[in-house]
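Okay, structure first, notes after.
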2 protein chains.
Amino acid sequence: MKKTRNTQKQDYVIDILTNAKHTMSVEAILKAMPIKVNKTTVYRILERFAEKGKVHFVTGEDGKAYYALCNDCNVNHEMHNHIHFQCKSCKKVTCLPYEIEVPELKNFEIQETQFLMIGICDMCIS
Amino acid sequence: MKKTRNTQKQDYVIDILTNAKHTMSVEAILKAMPIKVNKTTVYRILERFAEKGKVHFVTGEDGKAYYALCNDCNVNHEMHNHIHFQCKSCKKVTCLPYEIEVPELKNFEIQETQFLMIGICDMCIS
DNA sequence: GTATTATTGCAACATTGTTGCTTTAGTGTG
DNA sequence: CACACTAAAGCAACAATGTTGCAATAATAC
């Protein structure tokens, strides 16, 4: 296992994701940063966290990656079988507390899942 | 309803998707074209077909859109509740014949679904 | 304090997709 | 067929997201 270091910027990313109501794009995380951080840095921080399973991400319908903390995931998770919802209007991606029953597939080795539902959220519909 | 015209290039796109074993990216469709076609043209052809429900697309983990014909979809579909599988190695996206049971959501208006499983396909695993 | 090297910053780039405008070419009508 | 209408296609320039290589910085162990 590679050695890791604790840095202020990594902590900020965790803080921001902890307080987030929705999954966040890199752009949104950058904007939420209290100090100036390079985008490459955020990309690499998230990449490291994703490898460690501390963070997971979904790809939105818009092709952008949206990140969230993995608080409620068990330690040696490889799957995140809950659903995500993306609003077409405000683009926000939300984790929904629904588990999806994943079928057994003979010929494929499944490593991750991304279940995305797209529509209009309650804030935008009214 | 807006008037549409039949063109050779639209037909080629349908031909290519008809013979495709997997969903295809715009890049792949362009390469499969027997004649030179502008990428903007392909984007707009797919956009029109998607509106008409003739074609559907999934967003891969890589953020790219992958297109497939909607042959087996019922006419007034809005949902495509089958699963897609993307291979991390060869990047190919495949439609799988598994339907997902979609939960009822009170506060959200669901318009589409994208269920993506990611891993290694049978061709790449061996 | 010093050495090691993980982390960050920077700049340049790659890829995917979009926009505005002009040109081309289906389609319906006389 | 000739013509008008306008959907579709082409082109160029752009925007957004994400990546890469390398130099600078700073966390950690000794």
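Numbered from 1 within each chain, the chains take letters A, B, ... in sequence-line order.
- Residue A:Thr7 places at least one side-chain N or O closer than 4.0 Å to OP1 or OP2 of C:dT8.
- Using modelled atom types, one finds a donor on one side chain and an acceptor on the other under 3.5 Å when comparing A:Arg48 with A:Gln10.
- A:Arg44 comes within contact range of at least one nucleobase, with a heavy-atom separation under 4.0 Å.
- Between A:Leu30 atom CG and D:dA16 atom P there is a gap of 14 Å when expressed in whole angstrom units.
- Atom CD in A:Glu47 sits roughly 12 Å away from atom C1' in D:dT20 (whole-Å rounding).
- Using a 4.0 Å cut-off between charged side-chain N and carboxylate O, B:Lys39 and B:Glu27 make no salt bridge.
- Between A:Glu109 and A:Gln111, the side chains place a donor N or O and an acceptor N or O closer than 3.5 Å (distance only, hydrogens not considered).
- Residue A:Glu27 contributes atom CD, which lies 17 Å from atom C1' of D:dT19 at whole-angstrom precision.
- At a cut-off of 3.5 angstrom, counting only N and O atoms as typed in the model, there is no donor on one side facing an acceptor on the other between the side-chain of A:Lys64 and the base of D:dG18.
- Spacing between atom NZ of A:Lys39 and atom P of C:dA11 amounts to 12 Å, rounded to whole angstrom units.
- For the pair B:Arg48 CZ and D:dT6 C1', the interatomic distance rounds to 13 Å; values are reported in whole Å.
- Note on A:Thr40: a base of the nucleic acid sits closer than 4.0 angstrom, heavy atoms only.
- Nearest nucleotide to the B:Tyr43 side chain, out of C:dG9, D:dA8, C:dT16: C:dT16.
- Among the protein residues, A:Thr4 comes within range of the sugar-phosphate backbone only, with heavy atoms under 4.0 Å from sugar or phosphate atoms but none that close to a base.
- With A:Phe57 as the fixed residue, the ring pair (Phe, Tyr, Trp, His ring centres under 6.0 Å) test singles out one of A:Tyr66, A:Tyr67, A:Tyr43, A:Phe49: A:Tyr67.
- Nucleotide D:dT17 holds its P atom 16 Å from the CZ atom of A:Phe57, rounded to whole Å.
- In terms of phosphate contacts, A:Thr41 brings a side-chain nitrogen or oxygen within less than 4.0 Å of OP1 or OP2 of C:dG9.
- Across the protein-nucleic acid pair, B:Met33 atom CE and D:dG10 atom C1' stand 14 Å apart, rounded to whole Å.
- With hydrogens and angles left out, the side-chain atoms of A:Gln114 and A:Glu112 include no donor and acceptor closer than 3.5 Å.
- Rounding to whole angstrom units, NZ of residue B:Lys9 and C1' of D:dA7 are separated by 14 Å.
- Using a 4.0 Å cut-off, no side-chain N or O of B:Ser25 falls inside it from OP1 or OP2 of C:dT16.
- OP1 and OP2 of D:dC5 both lie 4.0 Å or more from every side-chain N or O belonging to B:Arg5.
- For B:Lys3, no side-chain nitrogen or oxygen approaches OP1 or OP2 of D:dA7 to under 4.0 Å.
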